[in-house]
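Side chains are part of it too, since the values below use all heavy atoms of this structure and drop only hydrogens, waters and symmetry mates. Note on naming: letters A, B, ... go to the chains in the order of the sequence lines (proteins, then strands), and numbering restarts at 1 for each one. Because the structure is predicted, anything quoted here is derived from the model rather than measured.
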Protein chains: 2
Amino acid sequence: MSPTPRKLEIITAASTLFKEKGYSAVTMRDIAKAMGIKAASLYNHIKNKEEILTFIIISLAEEFIKGIAVIKESNSTTVEKLKQIIALHVDIASNNTNGMASLNNDWMHLKDQLDHYLYLRVDYEDSFREIIKEGIEKNEIKNLNPDIMLFSVLSTLRSLYIWIPLKEDMEPSVLASNLSEVLLKGINR
Amino acid sequence: MSPTPRKLEIITAASTLFKEKGYSAVTMRDIAKAMGIKAASLYNHIKNKEEILTFIIISLAEEFIKGIAVIKESNSTTVEKLKQIIALHVDIASNNTNGMASLNNDWMHLKDQLDHYLYLRVDYEDSFREIIKEGIEKNEIKNLNPDIMLFSVLSTLRSLYIWIPLKEDMEPSVLASNLSEVLLKGINR
DNA sequence: AACGTAAACTAACAAGCGTTAGTTAAATTT
DNA sequence: AAATTTAACTAACGCTTGTTAGTTTACGTT
C-alpha cells in the first residue's frame, strides 16, 4: 500500500511539475526528464499517470478529513476550533505546497477516485460548516451567513500553497497566528 | 481590435470548457464540438488556440487594473476603498465566472503576453498593498502584517468565481456587502 | 561463479494534438 | 447576373501523447 522510496521520488518530481503547469500540461517525459531517466522507466514503479495524481490528491484529502474530525469532536470553543483548522491548513500546506496545487486545481482529472474525492470534499466542507453553525448557536461567533463565512475563510486557507513559498522566512506557527487574527477579527480597526 | 460576434462565441464556448477542465485539457475539437462545427472552421475566426486564452485573460486583467486605479485615486477612506475593491471583484466575477477560472489557473500557458500579464498582476497587487499600507498609516485599519491582510482578502476575492455559481440566488450587491462585513470585521463576535 | 531481481534502457505503437490547404455552398455586394 | 466574401467543410500534415514489449545492466544472494 505505502509507496516505495523510488515511487515517492516520482510523485515528488511530478508534484513540482504539476504545480508549475497543471496535470494535463505535464507529460510522462517531463517527469522522467526531471529525474534524469526515460519515460518508460517510470512504469517500473507506477501503474500509469493517473495513479500519480490520485496518490497526491487522495492522501492530502484524507489528511484534511482526519484533521477536521479530531477538531470537530474536541470540546474546544468554536474560536479555538477555528484556530485549529487554520493551523491544520498551514501545517499541511507548508509541508506540501506542490501537492496542494493539484488538490485545488487538478482534482477534475481523477477517474477511478473522482467520486471518492468529491465525497471527501463535501464531508470536509460539511464539518467546517457545522462548526460555524454551532458557534453561531452558542453565540460564540457573529450571526452572519454561514456559507459566506465558510467560503471566505476556506478560500484563504486553500490558497495558502501559493503564498507560503513567497514567505519562506515566516514560521508556520507565526503565519497561523497572524492569519487567525486577520480571519477571525477582520482588518477593520 | 474588438472581436467579431462569432469570435466572441468561440471565446465564450472555450471559457466554459476551460473552467471545467483547464486550458491544456481542452482541445480545439472540444471547442468546435461545443459549437456544432468542425475544429478547422474555428480558424476562420481566430489565429490559434493561444489567442483565445490570451483574450480571456488579458481583457479581464485590464478590467481589474482599470478598476483599482480609479479606486486608488479616489479620495474615499481606506475602508470605503476596500469595500469598492470587494464590489469590483464581485462585479467582474459575477459577469464572467468562466473567464475568471482561466485568469486564476491558466495564465502560465500564455506565451506572447505572459510578461504583460505578470506585469499587470504585480501592478494590481502593489496598488492593493498601497491602499492597505495607507490605511495603516492613517490609523484607519489595524496595524497587522500588510502582506497577510492582502493575501487573506485577495485569496477570497480570487476564489469568488467558484462560489458565485453555487449561490445564484444571491444578488451581487448583497454578496458584496455580506463579504465586506466578513472580510473587514471578521467572524469573531 | 551462477542466479535472480530491480530498474534502467531502446524502440515502437495507436491515438490524439494543433494547424494548414484546398474546396464548397450560401449570402452579400457590385 | 456576375463577382466577391464569409464561413463552413474534408482531408491531411507532422508532432506529441501515454503506454507496452523486449532488452540490458548492475547488484545482492546463494
Side-chain angles (χ1 to χ4, degrees), chain A residues 1-58 101-102 105-114, chain B residues 1-58 101-102 105-114:
Chain A
M1 268 300 169
S2 169
T4 63
R6 192 57 170 160
K7 187 166 177 173
L8 261 178
E9 287 180 50
I10 294 173
I11 291 165
T12 303
S15 294
T16 306
L17 296 171
F18 291 169
K19 185 187 179 189
E20 283 170 19
K21 314 200 295 176
Y23 174 74
S24 301
V26 174
T27 70
M28 298 302 281
R29 286 165 179 84
D30 289 337
I31 300 170
K33 193 165 221 168
M35 304 185 64
I37 61 176
K38 300 289 172 180
S41 306
L42 296 170
Y43 290 84
N44 285 315
H45 307 280
I46 56 147
K47 204 166 108 272
N48 50 35
K49 190 186 179 188
E50 188 200 343
E51 194 199 11
I52 302 175
L53 183 70
T54 302
F55 181 87
I56 294 172
I57 292 181
I58 297 297
S102 293
N105 304 320
D106 289 323
W107 56 267
M108 69 285 276
H109 300 114
L110 292 173
K111 289 176 186 156
D112 281 10
Q113 300 268 53
L114 177 58
Chain B
M1 269 294 171
S2 169
T4 62
R6 192 56 169 162
K7 187 166 178 174
L8 261 178
E9 288 180 51
I10 294 173
I11 290 164
T12 303
S15 295
T16 306
L17 297 172
F18 291 169
K19 185 186 179 188
E20 283 170 19
K21 314 200 292 174
Y23 174 74
S24 301
V26 174
T27 70
M28 297 302 282
R29 287 165 179 84
D30 289 337
I31 299 169
K33 193 165 221 170
M35 304 185 65
I37 61 177
K38 300 289 172 181
S41 306
L42 295 170
Y43 290 83
N44 286 315
H45 308 280
I46 56 149
K47 203 166 108 273
N48 50 34
K49 191 186 178 189
E50 187 199 344
E51 193 199 11
I52 302 175
L53 183 69
T54 302
F55 181 87
I56 294 172
I57 291 181
I58 297 297
S102 294
N105 304 319
D106 289 322
W107 55 267
M108 69 285 277
H109 300 115
L110 292 174
K111 288 176 187 157
D112 280 11
Q113 300 268 54
L114 177 58

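When the C1' atom of D/dA26 is taken as reference, atom CZ of A/Arg6 falls 14 Å away, rounded to whole Å. For the pair A/His109 NE2 and D/dT17 P, the computed distance is 15 Å after rounding to whole Å. Counting to the nearest Å, the C1' atom of C/dT24 and the CD1 atom of B/Ile37 are 16 Å from each other. B/Lys49 has its NZ atom 19 Å from the P atom of D/dC15, to the nearest Å. Spacing between atom CD of A/Glu51 and atom C1' of D/dT19 amounts to 14 Å, rounded to whole angstrom units. In this entry the distance linking CG of B/Leu42 with P of D/dA8 reads 9 Å, nearest Å. Whole-Å rounding puts the B/Lys7 NZ to D/dT6 P distance at 14 Å. Nucleotide D/dA8 holds its P atom 17 Å from the NZ atom of B/Lys33, rounded to whole Å.
For A/Ala39, whose side chain is taken as the heavy atoms from C-beta onward, the closest listed nucleotide among C/dA21, C/dC9, D/dT19 is D/dT19. The side chain of B/Asn48 approaches C/dT19 more closely than any other nucleotide in the set C/dG18, D/dC9, C/dT19. Distances from the side chain of B/Lys38 to the nucleotides C/dT10, D/dT10, C/dA8 place D/dT10 closest. The side chain of B/Ser41 sits closest to D/dA8 out of D/dA8, D/dG18, C/dA8. Among the nucleotides D/dG18, C/dC9, D/dA8, the one closest to the side chain of A/Tyr43 is D/dG18. The side chain of A/Met28 approaches D/dT19 more closely than any other nucleotide in the set D/dC9, D/dT17, D/dT19.
Under the 3.5 Å distance criterion, the side-chain polar atoms of B/Lys49 are matched with a main-chain donor or acceptor of B/Tyr23.
Residue A/Asn44 places no side-chain atom within donor-acceptor reach of the base of C/dA6, judged by atom type and a 3.5 Å distance cut-off alone.
The side chain of A/His45 places an N or O atom within less than 4.0 Å of a non-bridging phosphate oxygen (OP1 or OP2) of C/dA8.
Contact record, B/Lys21 with A/Met108: CA-CG, 4.3 Å, taken as the closest heavy-atom pair. The minimum heavy-atom distance linking B/Phe18 with B/Ile52 is given by the pair CE1-CG2, 4.0 Å.
Nearest-nucleotide positions on DNA chain C for A/Arg29 and B/Glu50 put A/Arg29 closer to the 5' end. In terms of position along DNA chain D, the nucleotide closest to A/Thr27 lies nearer the 5' end than the nucleotide closest to the other residue of the pair A/Ala40 and A/Thr27.
A donor atom on one side chain and an acceptor atom on the other are not found under 3.5 Å apart for B/Ser41 and B/Asn44. Side-chain atoms of A/His45 and A/Thr4 include no donor-acceptor pair closer than 3.5 Å.
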